[in-house]
Amino acid sequence: MTRFLHKVAKPFTSAAQPQINLATHLKPTRINLSLKSYLKSNPIKTIFLFSDLLRKKISAVDSYSLLYVIKACTKKSLGTEGKQTHTLVIKLGYEPIIFLQTSLMDMYAATTNIADVHKVFDEIPNKNVVCWTSLISAYVRNQKPYRAIEIFRHMQMDGVEPDQVTFTVSLSACADMGALDKGVWIHDLISRKPEFSEDLSLMNALVNMYVKCGDIRKAMLVFDNIRVKDIRTWTSMIVGHALHGQAEEALRLFSALEEENKSRSIQCQGTKDQLLVPNDVMFIGVLMACSHAGMVEEGKRYFRSMIEEYGIKPRLSHFGCMVDLLCRLGLLKEAYSFILAMPIQPNAVIWRTLLGASGVHGNEELAAVAQSRLRELNASLVGDDVALSNIYAAKGMWEEKIMLRHEMTQRRTPGCSLVEVGKLHS
DNA sequence: TTAGGGTTAG
């Protein structure tokens, strides 16, 4: 660890690591209880309280306090503060506590510092399944699913048995890669442990993997076999149908959920705990289904119901879905009015949706408006200019096209391509 | 009082 944090003197050599006597920590200190409670409500407060403690009474800091601060840094993605806490872990001699090491890995993963995740992992002497899973999870979180699956294999070769969490994060890697063969292989490993079928997070990850890898039939099979579903199970399946153009199935499922809630609310006489109330993510799936099926009136109705019946404040994603829905049907003017009436500032994606649709439906006026809005946002890409230029060409507006092309060469350097050559050992 | 997990448009 001296190599890792070279400015910090290592208090103990690895040959003479301190024996942490957990018995002395059995009684929780009041300060640790406060650090822990702030972690939920206001993680920044955990950090402030801890730094106060360091100044006033460093002897009150123990491994639990450090753990809560590391978690606070993870939640708020605070890399510098996280690294400072790591230094303290070393200074105070708490390195042998594996809970701290895995939390540190999680913190470095959250702050996109994958190199340090790996350094912490490498220096853990006896790596258990949690250490390996944290490493796999770090790679998944940092968009490196191929590497995550490689590590999953290394773990197996090392003789460490994967558990439910390892399988859940590994399935997430397969979903990100769209690697059905690897997902099926992991499903097969899971099937050998019947008790794992009771783990809802794992089952949801399985549904999601089949959805993202394009095997909607298999996704439905897993979905139907989940006895007690939660809102994520339903959302994954609704999004799955929407992504595969099965809008009617997606909306049927949404209605089934609403019906189930109605009958449950009669049974439970008003207790909301038993209900699976649709959330903002689920409505993205519902709106996406309407958009893919060209169901504009239904889409508008669901958008209203989301706000009025469910009290969900639409986010940029929901407005984006509505713009997409209107644009796909060629309702460009309505889409433009909708964008102008949005209570939040439209982003580049929304203007680019309008630009693309204006090209498809040959509306050069709206295309020019969308393109100028993209420039205002400083988010204009070469492709946007090309799109507008192609619309001018299709309309025979050669002067406009030449002017735009001239502008493009003035503003841009010629494009170049980058190709990433990755490798996956199988 | 201590570790790692699943749903999100274009």
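Here the structure is a predicted model, which means the values were calculated and not measured. Lettering of chains follows the sequences in order, A, B, ..., and the numbering in each one begins at 1.
- In this structure, CE of A:Met282 is placed 14 Å from P of B:dA9, rounded to the nearest angstrom.
- Considering only side-chain N and O atoms, A:Lys71 lies under 4.0 angstrom from the phosphate OP1 or OP2 of B:dG4.
- Note on A:Arg328: only backbone sugar-phosphate atoms sit closer than 4.0 angstrom, heavy atoms only; bases stay farther off.
- Judged by atom type and distance alone, A:Thr168 reaches the base of B:dG5 through a side-chain donor-acceptor pair under 3.5 Å.
- Between A:Arg232 and B:dG5 there is no side-chain N or O to OP1 or OP2 distance below 4.0 Å.
- Remark: P of B:dT7 and CD1 of A:Ile238 are 15 Å apart, rounded to the nearest angstrom.
- Rounded to whole Å, the distance from CG on A:Leu135 to C1' on B:dG5 is 15 Å.
- Counting only heavy atoms from C-beta on, A:Leu33 has its side chain closest to B:dT1 among B:dG10, B:dG4, B:dT1.
- In this structure, CE of A:Met288 is placed 11 Å from C1' of B:dT7, rounded to the nearest angstrom.
- The distance between atom CE of A:Met295 and atom C1' of B:dA9, rounded to the nearest whole Å, is 17 Å.
- Between A:Glu260 and A:Lys229 there is no salt bridge, since no side-chain N of the basic residue sits under 4.0 Å from a carboxylate O of the acidic one.
- The side chain of A:His292 places an N or O atom within less than 4.0 Å of a non-bridging phosphate oxygen (OP1 or OP2) of B:dG10.
- Counting distance only, with no hydrogens placed and no angle test, the side-chain atoms of A:Tyr68 and the base atoms of B:dT1 include a donor-acceptor pair under 3.5 Å.
- Residue A:Ser103 places no side-chain atom within donor-acceptor reach of the base of B:dA3, judged by atom type and a 3.5 Å distance cut-off alone.
- Rounded to whole angstrom, the span from the NZ atom of A:Lys212 across to the P atom of B:dA9 amounts to 7 Å.
- Counting only N and O atoms by type, the side chains of A:His118 and A:Tyr139 include a donor and acceptor under 3.5 Å apart.
- Residues A:Phe152 and A:Trp132 place their aromatic rings such that the two centres sit no closer than 6.0 Å.
- Using a 4.0 Å heavy-atom cutoff across all strands shown, A:Ile98 reaches at least one base atom of the nucleic acid.
- A salt bridge between A:Arg153 and A:Glu150 is absent, with no side-chain N of the basic residue lying under 4.0 Å from a carboxylate O of the acidic one.
- Taking side-chain N and O atoms only, A:Asn208 has a distance below 4.0 Å to OP1 or OP2 of B:dT7.
- Comparing B:dA3, B:dT8, B:dT1 by their closest approach to the side chain of A:Tyr64 singles out B:dT1.
- Stems are defined here as 3 or more consecutive Watson-Crick or G-U wobble pairs with pairing distances under 3.5 Å; none involve DNA chain B.
- The CD1-P distance, from A:Ile136 to B:dG5, rounds to 12 Å in whole Å.
- Taking the ring centre of A:Phe121 as origin, the terminal cationic atom of A:Lys127 falls inside the region bounded by 6.0 Å and 45° from the ring axis.
- Salt-bridge check for A:Asp116 with A:Lys83: passed, with a basic side-chain N closer than 4.0 Å to an acidic carboxylate O.
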